[in-house]
Amino acid sequence: MADDTTAQPSKKLYIETVGCQMNVLDSELVVARLRDDGYELTDDIDQADAILYNTCSVRQHAEDKIYSALGRIKNLKREKPGLSIGVLGCMAQKDQGSILKRAPHVDVVIGPGQLGRVPELLSKARAEEKPQLAVSLARNAGSRDRVTSSFDSYDADREPAVRPSPHQAYLRVMMGCDKFCTYCIVPSVRGPEQSRPPDAIVAEARLLALQGVKEITLVGQTVNSYKHKTPDGRVARLSDLLARLHDIDGLVRIKFITSFPNDMTDDLLQAVRDLPKVSRYIHVPAQSGCDDVLKRMKRMYTVAFYEEMLARLRETIPGSSVSSDFIVGFCGETDESFEKTARLLERSRFKNSFIFKYSARTGTKADSLFPDDVPDEVKRRRNHILLDLQTAISLEDNRAFIGREVEVLVEGPSRSTTRKEGWDGPDQLVGRTTCDRIAVFPGPESLAGEMARVRIEQASAVTLFGGLAGGANGRTA
Ligand code: SAM
Ligand code: SF4
């Protein structure tokens, strides 16, 4: 009989993550640390001993969501005084102590550069019965080295349970950002740009492959600016890193996000062309199609430069796909400047575009230099116009796949409610092509993590629908 007199009752952790892939990855690392500290994950917030929000500051809306969530759990804390509540990530770094003023029931406020300390600070808050705040230095608070070292990096603690799927993982190659686009809060909350040493990245990728990961996505705010200098003066670029990762047994696909237009060098494009495991998909945001707006955004390129880069990319990597981000309603964006953005979007034929309404962020250059002068209803209208244009392009390009066979890496059961028209059969699988197009098709769950061939029969703007091709199970060799 098991001796349960010594068994520690495990503590339950509820964690909610908003924002980008960087945050998804941060949450994975936090959960890994807390597991070592005796926590297990729960989906039920009422059962939790610790509730953590890993937050985003890029737009106001993301912050509002967190403050409302904190308001909703106030009563929970009253009913369960042992409950620990934490605000982690970018909002913690941006708002710091003011979070505790606005939500005094919060126990820990921990910036993205301090996340390795989550277990220690949760215990300290409980032991001392007072809130704990841990943030990194502001960008202007000291020398670059001092500020950089206040943004800690992690060991390769990895926790499969929080990944998007067991076969897919994010892998950080860079931290921070030095571009200082005038609208963007990221350089202040994520700190100076740092590229991790290639050996550490390769070791982490090997560990992931051993855990059964088939696809890794390298993440960095401007991932194609990756550059690591060794003490002997050698420089590793993203293309060098891709070549090393390509040799790892077990990995079948390597992606990287997000790229900056000015850093799209030929060696990188050639690596994408020549390394078959590297996804032929590049996310390289244009943000605007108007030179005046790009200048106010301090994006450091013109529309002509962006289009030349796009042409070079497509010429070097045939059959590739490209996606973009756009901000509508940035300070001083006139009807005429918006028109130019709409025309750029039409000409560029992106696979998809993420379109955001400009949200003024305290602490950014744009917020102090330019009035937020485009009314919200105009932002909303422009947002819809771009979305409609992009949807029409995506639909037309996806329809060109009907009747063709594509090879996909199967991610697992399709969680979306999207169904092929007329389909009322069992749940379907979802996979992605090397160009990041989503395909949904019926098939056995055992195909998850495998490559499969799918014959496309129908298409929507975001999804290709079809059936397994080539043999009973559709597996490719
Ligand atoms: N580093 C990436 C890049 O430069 O493309 C993207 C990082 S940012 C978290 C993701 C996207 O959010 C940006 O590409 C931009 O379109 C959007 N974004 C950033 N700041 C914004 C703001 N203040 N208002 C609206 N959208 C914003
Ligand atoms: Fe923000 Fe610009 Fe850096 Fe992207 S490149 S994170 S938009 S400052």
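Both backbone and side-chain heavy atoms feed into the values below; hydrogens, waters and symmetry mates do not. What you see is a predicted model, and the numbers here were worked out from it, not measured in a lab. Atoms within a ligand are numbered from 1 in the order they appear, just like the ligands themselves.
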Identity and distance of the protein heavy atom lying nearest atom 17 (C) of ligand 1: Arg59 NH1, 3.3 Å

Starting from atom 20 (N) of ligand 1, locate the nearest protein heavy atom and write down its residue, its atom name and how far away it is, to 0.1 Å. Tyr183 CD1, 3.3 Å

Judged by modelled atom types alone, do Tyr281 and Ser323 share a side-chain donor-acceptor pair under 3.5 Å? yes

Distance-only side-chain donor-acceptor flag, Gln60 / Arg361, under 3.5 Å: yes

Which of Lys179, Lys227, Arg237 passes salt bridge (charged side-chain N to carboxylate O under 4.0 Å, His left out) with Asp263? It is Lys179

Pro285 heavy atoms within 4.0 Å reach ligand 1 at atoms 5 (O)

Where do Asn54 and Thr17 land on the side chain to side chain donor-acceptor pair (under 3.5 Å) test, with the steps shown first? CA-CA 5 Å; Asn54 194 3; Thr17 306; 4.9 Å; no

What residue and atom, counting heavy atoms only, is the protein's closest point to atom 9 (C) of ligand 1, and at what distance? Val58 CG2, 3.5 Å

Return the closest protein heavy atom for atom 11 (C) of ligand 1 as residue, atom name and distance. Asp325 OD2, 3.4 Å

Which residues and atoms, protein N, O or S only, are under 2.8 Å from atom 2 (Fe) of ligand 2? Cys181 SG

Identify the closest protein heavy atom to atom 25 (C) of ligand 1: which residue and atom is it, and at what distance? Lys357 O, 3.3 Å

Return yes if a side-chain donor-acceptor contact under 3.5 Å exists between His283 and Asp325, otherwise no. yes

Arg361-ligand 1 polar pair, N/O distance under 3.5 Å: no

Tell me whether the rings of Tyr306 and Tyr301 are parallel (<30°), tilted (30 to 60°) or perpendicular (>60°). tilted

Is there a donor-acceptor contact under 3.5 Å linking the side chains of Asp232 and Thr230? yes

Which residue, Asn398, Val462, Val408, forms the side chain to side chain contact (heavy atoms under 4.5 Å, CB included) with Arg437? Asn398

Name each donor-acceptor pair under 3.5 Å that joins a side chain in residues 89-98 to protein atoms two or more places apart or in another chain, with its distance.
| unit_1 | atom_1 | unit_2 | atom_2 | d |
| --- | --- | --- | --- | --- |
| Gln93 | OE1 | Ser136 | N | 2.9 |
| Gln93 | NE2 | Ser136 | O | 2.9 |
| Lys94 | NZ | Glu63 | OE1 | 3.3 |
| Lys94 | NZ | Glu63 | OE2 | 2.9 |
| Asp95 | OD2 | Tyr67 | OH | 3.0 |
| Gln96 | NE2 | Gln93 | O | 2.9 |
| Ser98 | OG | Asp95 | O | 2.6 |

Just by distance, no angles: are the side chains of Tyr39 and Arg33 close enough, under 3.5 Å, to form a donor-acceptor pair? no

Tell me: protein heavy atom nearest atom 6 (C) of ligand 1, and distance? Gln221 OE1, 4.1 Å

Ranked by distance from atom 23 (N) of ligand 1, the top protein heavy atom is Ser359 O, 2.8 Å

Test your reading of the structure: does Thr258 have an N or O sitting under 3.5 Å from an N or O of ligand 1? no

Scan side-chain atoms only and decide if Ser394 and Thr391 contain a donor-acceptor pair under the 3.5 Å cut-off. no

Protein contact to atom 4 (O) of ligand 1 [nearest heavy atom, distance to 0.1 Å]: Arg299 NH1, 3.3 Å

